[in-house]
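Starting from 1, each residue takes its place in the sequence as its number. Atom set for the values below is all heavy atoms of this structure, side chains included, hydrogens, waters and symmetry mates excluded. From a predicted model like this one, the values you see are computed outputs, not experimental measurements.
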Amino acid sequence: MSFTGFSAPWWFLLLVVVAAVAVGYVLAQRARRKRTMRFSNLALLERVAPKAQGWPRHVPAVLLIVSLILLTVALAGPTAEQKVPRNRATVMLVVDVSLSMEATDVKPTRIKAAQDAATQFAQGLTPGINLGLVSFAGTATVLVAPTTQRQSVVAAIDNLKLAQSTATGEGIFAALQAVQGFSAVVGGAEGPPPARIVLMSDGKQTVPEDLYAPRGAFTAAEEAKKEQVPISTISFGTNHGTVTIDGREVPVDVDDGSLQEVARLSGGDFYQAGSAEQLKEVYQDLGEQIGYELKEADASRPWVVLGTLALIVAAGSALFLGQRLP
């Protein structure tokens, strides 16, 4: 037997006592049989002794032994890998609000679909997560600092306004600054809480054009890597989106490549969503990853329940069969 899955395996020493009880019961039954056979008049014995109940008379004792084994396992503290809500973490939601988000290739529009999915993401996060919001177009703005109050984030998402240009790097730098400021306040003895940036964009960075410029997206991603803040990027939209600017139709294709590289450079993950439904699925998946973690948690409750039930049934069957407790 492996004891690695138990927090207090020394309790298994009680199984020696349980085994002794089982052996004692068997020896007691044999001794009782020998005492009975000492009667010289077997015919008289058959008339005065109650009829043997056979194997059912052993049921209470067997159930008692089983209950003791189950309760011993419970005392040993079995553990199992369980999904546990995080009680401290920081997430910055960074949303592209450039004019390309007016495209209708995702119904009703990219921005409306993004708002609905981001709202669902914010409302579904576990209560212990501190969530903040950054919007970016030509510049970036921290709309909501990290907080556990979801209503302020939802309200800010509903009020997102579109603007010209796409400064992806500025959005990442603004999120990093918000994370650093929040971590400095709530760090404590355990250190700053783990942080992550969730970046959703539908197009290519235009300000500056060089992604490796000092304020470019790739430079910002490398800085996030140094700060141990992975970036989960979501490329949202299709390759046939268009918007009308100054009376002319302008194609606004998604830029999977740069967002994939931002995720790689920062140590995060890349997602692609070409519809509102896919975007919601991506956010739901991220909510599961961010809001929960796998931990070795106590799993003794089922053993306690089974052991207690077995003990109750043992007592009940003993009273029913022999009018006494085992």
Side-chain angles (χ1 to χ4, degrees), residues 86 88-98 101 114 118 121-122 125 128-157 159-188 190-234 258-259 261-270 283 286 289-291:
R86 294 184 189 274
R88 60 192 302 265
T90 306
V91 177
M92 291 302 300
L93 184 58
V94 182
V95 181
D96 183 353
V97 293
S98 58
M101 292 290 284
F121 171 74
L125 274 182
I129 303 295
N130 291 282
L131 178 64
L133 178 65
V134 172
S135 68
F136 71 94
T139 59
T141 304
V142 178
L143 299 177
V144 182
T147 176
T148 55
Q149 301 300 318
R150 301 288 181 257
Q151 192 54 45
S152 58
V153 178
V154 171
I157 291 172
N159 292 320
L160 290 175
K161 305 297 181 184
L162 302 185
Q164 291 184 345
S165 302
T166 305
T168 309
E170 292 294 343
I172 297 173
F173 278 121
L176 281 175
Q177 187 175 3
V179 167
Q180 292 166 351
F182 181 75
S183 298
V185 174
V186 301
E190 298 180 10
R196 183 184 298 197
I197 294 172
V198 177
L199 168 67
M200 194 221 69
S201 179
D202 70 334
K204 184 178 180 180
Q205 172 183 291
T206 60
V207 180
E209 292 186 1
D210 182 6
L211 293 167
Y212 277 110
R215 302 299 290 183
F218 291 172
T219 304
E222 292 174 341
E223 183 64 24
K225 178 72 171 181
K226 294 177 184 177
E227 297 292 330
Q228 297 183 338
V229 181
I231 304 173
S232 296
T233 59
I234 306 172
S258 63
L259 291 175
E261 183 66 5
V262 166
R264 187 191 70 81
L265 289 172
S266 68
D269 303 307
F270 168 76
Y283 271 127
L286 283 169
Q289 291 183 31
I290 296 170

Inset, instruction - Grab the two heavy atoms, one from V262 and one from A217, that are nearest each other, plus how far apart they are. - result: CG2-CB, 4.0 Å
Legend entry - side-chain contact (heavy atoms from CB on, under 4.5 Å) partners of T139, counting only residues at least two apart: none
Inset, instruction - Report, as yes or no, whether the 6.0 Å neighbourhood of atom CD on Q164 holds more than 12 heavy atoms from other residues, nucleotides or ligands. - result: no
Legend entry - R264 backbone acceptor or donor facing E261 side chain under 3.5 Å: no
Legend entry - Step-by-step side chain to side chain contact (heavy atoms under 4.5 Å, CB included) determination, I157 to F121: CA-CA 11 Å; I157 291 172; F121 171 74; over 6 Å; no
Legend entry - Closest approach of P192 to S183 (non-hydrogen atoms, all atoms of both residues): CB-CB, 3.5 Å
Inset, instruction - Please round to the nearest 0.5 Å and tell me the distance separating atom OG1 of T147 and atom CG of L133. - result: 12.0 Å
Inset, instruction - Report the distance from atom OG1 of T233 to atom CE of M200, rounding to the nearest 0.5 Å. - result: 11.5 Å
Inset, instruction - First locate atom NZ of K161, then atom CE of M101, and finally report the distance between them rounded to the nearest 0.5 Å. - result: 14.0 Å
Inset, instruction - May I have the step-by-step check of side chain to side chain contact (heavy atoms under 4.5 Å, CB included) for L143 and S152, ending in yes or no? - result: CA-CA 9 Å; L143 299 177; S152 58; over 6 Å; no
Inset, instruction - Side-chain contact test, heavy atoms from C-beta onward, threshold under 4.5 Å: evaluate it for V94 versus E170 and give yes or no. - result: no
Legend entry - Pairs meeting criterion ring-ring contact (aromatic ring centres under 6.0 Å, His included) with involvement of residues 128-148, two or more places apart: none
Inset, instruction - Report yes if some heavy atom in the side chain of Y283 is under 4.5 Å from a heavy atom in the side chain of L93; otherwise report no. - result: yes
Legend entry - Verdict with reasoning, D96 to Q205, per side chain to side chain contact (heavy atoms under 4.5 Å, CB included): CA-CA 10 Å; D96 183 353; Q205 172 183 291; over 6 Å; no
List the atom pairs, donor and acceptor, that lie under 3.5 Å between side-chain atoms in residues 218-231 and the rest of the protein, sequence neighbours left out.
unit_1: T219; atom_1: OG1; unit_2: Y212; atom_2: O; d: 3.1
unit_1: T219; atom_1: OG1; unit_2: A213; atom_2: O; d: 2.6

Legend entry - S258 OG to K204 NZ distance, which is reported to the nearest 0.5 Å: 8.0 Å
Inset, instruction - With rounding to the nearest 0.5 Å, note down the distance linking OG in S201 to CD1 in I234. - result: 10.5 Å
Inset, instruction - Evaluate the side-chain proximity of L286 to R196: yes if any heavy-atom separation is below 4.5 Å, no if none is. - result: yes
Inset, instruction - Answer yes or no: is there a donor N or O on one side and an acceptor on the other, between the side chain of T90 and the main chain of N130, under 3.5 Å? - result: no
Legend entry - Flag, side chain of R150 to backbone of A122, donor-acceptor distance under 3.5 Å: yes
Inset, instruction - Compare all side-chain heavy atoms of I290 with those of V198 and state whether any distance is below 4.5 angstrom. - result: yes
Legend entry - Candidate pair V134 and I197, rule side chain to side chain contact (heavy atoms under 4.5 Å, CB included), full reasoning: CA-CA 10 Å; V134 172; I197 294 172; over 6 Å; no
